Q: 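I'd like to ask you about the structure that follows.
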Amino acid sequence: MTIRVIIVDDQAMVRAGFAALLSAQADIDVVGEAPDGRQGVQVSRTVHPDVVLMDVRMPEMDGLAAARELLSPPPGVVHRPKVLMLTTFDIDDYVYEALRAGASGFLLKDAPPADLIAAVRVVASGEALLAPSVTRRLIADFVQQRPAPRKDPALRLKGLTPRETEVLELIARGLSNQEIAGHLVLAEQTVKTHIGRVLAKLDLRDRAQAVIFAYEAGLVRPGDCD
């Protein structure tokens with residue numbers, strides 16, 4: 001299946017470069033682009049991409065506001081693409097808030113081309129792009145710096161079984177499904193089932209939000225994943 005992508009960035013050269021790179025892949029089709037968040041939302045709702053590459057800082061509407069528009073659409077709008085944030089900074093307040101809003105991860109703009117291509121495929125498959133240690137540090141730093149606005153996240157943990165809690169902790173530590181399976185001596189499909197139940201019980205969109213929730217609930221402390 002071809003992955004439909006749009007690129008939202010205020011720099012024309014960046015959009016052109018990313019479009020050329022991604023369009024060269026047999027399984028990726030760049031179906032639109034926009035120079036700011038407001039137009040990015042409009043383009044997304046017109047062409048219905050699978051993945052939106054979203055710059056963090058842009059005029060008119062920044063990437064955070066645009067991500068929120070796409071991931072929490074108004075009544076009547078059913079399309080919700082995966083959003084991959086693009087940033088020039090590895091520790092960025094906007095990125096943390098975007099993950100919280102439901103973005104599937106973030107990527108540095110100067111990442112190698114192969115990383116960009118892999119990131120689009122990972123996000124399109126439904127996974128969160130949380131492997132780089134810098135992402136875990138970013139989440140830990142911002143959770144440590146400010147109170148969590150969620151309502152009693154620690155209480156919500158009580159709705160999980162001991163195994164589900166264990167799986168959530170390992171997700172927050174940055175382990176992949178395969179690594180969690182090996183750690184708990186489970187089949188990988190069983191791990192996927194547990195993750196699905198965790199997300200459903202906690203009303204979380206994906207692994208990115210699960211990691212943030214685990215920090216906010218105190219299940220994992222900042223520094224545990226370094």
Side-chain angles (χ1 to χ4, degrees), residues 1-73 77-92 94-99 101-136 138 174 176-177 205-209:
M1 183 181 73
T2 301
I3 303 168
R4 294 165 56 81
V5 177
I6 68 170
I7 302 165
V8 185
D9 194 292
D10 60 335
Q11 297 181 12
M13 290 289 287
V14 171
R15 296 198 307 273
F18 284 179
L21 176 65
L22 294 173
S23 296
Q25 310 307 308
D27 61 335
I28 300 176
D29 187 12
V30 177
V31 295
E33 60 179 66
D36 61 64
R38 193 175 307 282
Q39 292 186 52
V41 171
Q42 294 172 352
V43 172
S44 178
R45 289 185 176 155
T46 299
V47 302
H48 294 174
D50 301 303
V51 177
V52 177
L53 292 179
M54 182 78 74
D55 188 21
V56 170
R57 291 183 172 86
M58 293 179 291
E60 298 296 329
M61 177 186 283
D62 65 28
L64 174 57
R68 285 175 173 155
E69 286 271 343
L70 292 175
L71 297 169
S72 298
V77 177
V78 297
H79 178 254
R80 289 203 305 176
K82 300 293 192 300
V83 176
L84 178 60
M85 305 302 295
L86 299 170
T87 179
T88 54
F89 303 98
D90 59 356
I91 300 296
D92 193 307
Y94 280 88
V95 173
Y96 173 78
E97 295 298 339
L99 289 175
S104 295
F106 83 100
L107 190 71
L108 297 178
K109 281 189 176 181
D110 61 358
D115 286 2
L116 173 64
I117 296 167
V120 168
R121 290 171 176 154
V122 166
V123 169
S125 73
E127 295 290 329
L129 195 70
L130 290 173
S133 61
V134 66
T135 310
R136 299 194 293 276
L138 179 148
S176 66
N177 288 0
R205 177 179 169 85
D206 58 20
R207 293 172 80 107
Q209 289 193 325

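Since the structure is predicted, the reported quantities are computational estimates derived from the model, not experimental observations. For this chain, numbers begin at 1 and follow the sequence in order. Computation of the quantities below employed the complete heavy-atom set of this structure, encompassing side-chain atoms and omitting hydrogens, waters and symmetry-equivalent molecules.
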Q: For residues Leu70 and Arg80, report the shortest heavy-atom separation together with the two atoms involved.
A: O-CG, 3.7 Å
Q: Donor-acceptor pairs are to be reported for all side-chain atoms of residues 49-56 against protein atoms at under 3.5 Å, with residues two or more places apart or in another chain.
A:
{"residue": "Asp50", "atom": "OD2", "partner": "Arg4", "partner atom": "N", "Å": "2.7"}
{"residue": "Asp55", "atom": "OD1", "partner": "Lys109", "partner atom": "NZ", "Å": "3.3"}
{"residue": "Asp55", "atom": "OD2", "partner": "Lys109", "partner atom": "NZ", "Å": "3.4"}

Q: Less than 4.5 Å apart, side chain to side chain, heavy atoms only: is that true for His79 and Ser44?
A: yes
Q: Can you name the closest pair of heavy atoms from Leu84 and Ala119 and give their distance?
A: CD2-CB, 3.7 Å
Q: How long is the span from the CG atom in Leu86 to the CG atom in Leu116, to the nearest 0.5 Å?
A: 7.0 Å
Q: For residues Ser104 and Val123, report the shortest heavy-atom separation together with the two atoms involved.
A: CB-CG1, 3.7 Å
Q: Output all residues satisfying side chain to side chain donor-acceptor pair (under 3.5 Å) with Glu69, sequence neighbours left out; order by chain, then residue number.
A: none
Q: Nearest heavy-atom pair of Ile117 and Gln25: which atoms, and what distance?
A: CD1-NE2, 3.4 Å
Q: Between Asp36 (side chain) and Arg38 (backbone), is there a donor-acceptor pair under 3.5 Å?
A: yes
Q: Do Pro35 and Glu60 come close enough that some side-chain heavy atom pair is under 4.5 Å?
A: no
Q: Can you measure from CD (Gln42) to CD1 (Ile6) and round to the nearest 0.5 angstrom?
A: 10.5 Å
Q: Looking only at non-hydrogen atoms, find the nearest pair between Val83 and Ala67 and report the distance.
A: CG1-CB, 4.2 Å
Q: Can you name the closest pair of heavy atoms from Arg15 and Ala34 and give their distance?
A: CD-O, 3.4 Å
Q: My understanding is that only residues two or more places apart in sequence, or in another chain, count here; which of them pass salt bridge (charged side-chain N to carboxylate O under 4.0 Å, His left out) with Asp27?
A: Arg121
Q: Rounded to the nearest 0.5 Å, how far does OG of Ser23 lie from CD1 of Ile28?
A: 8.5 Å
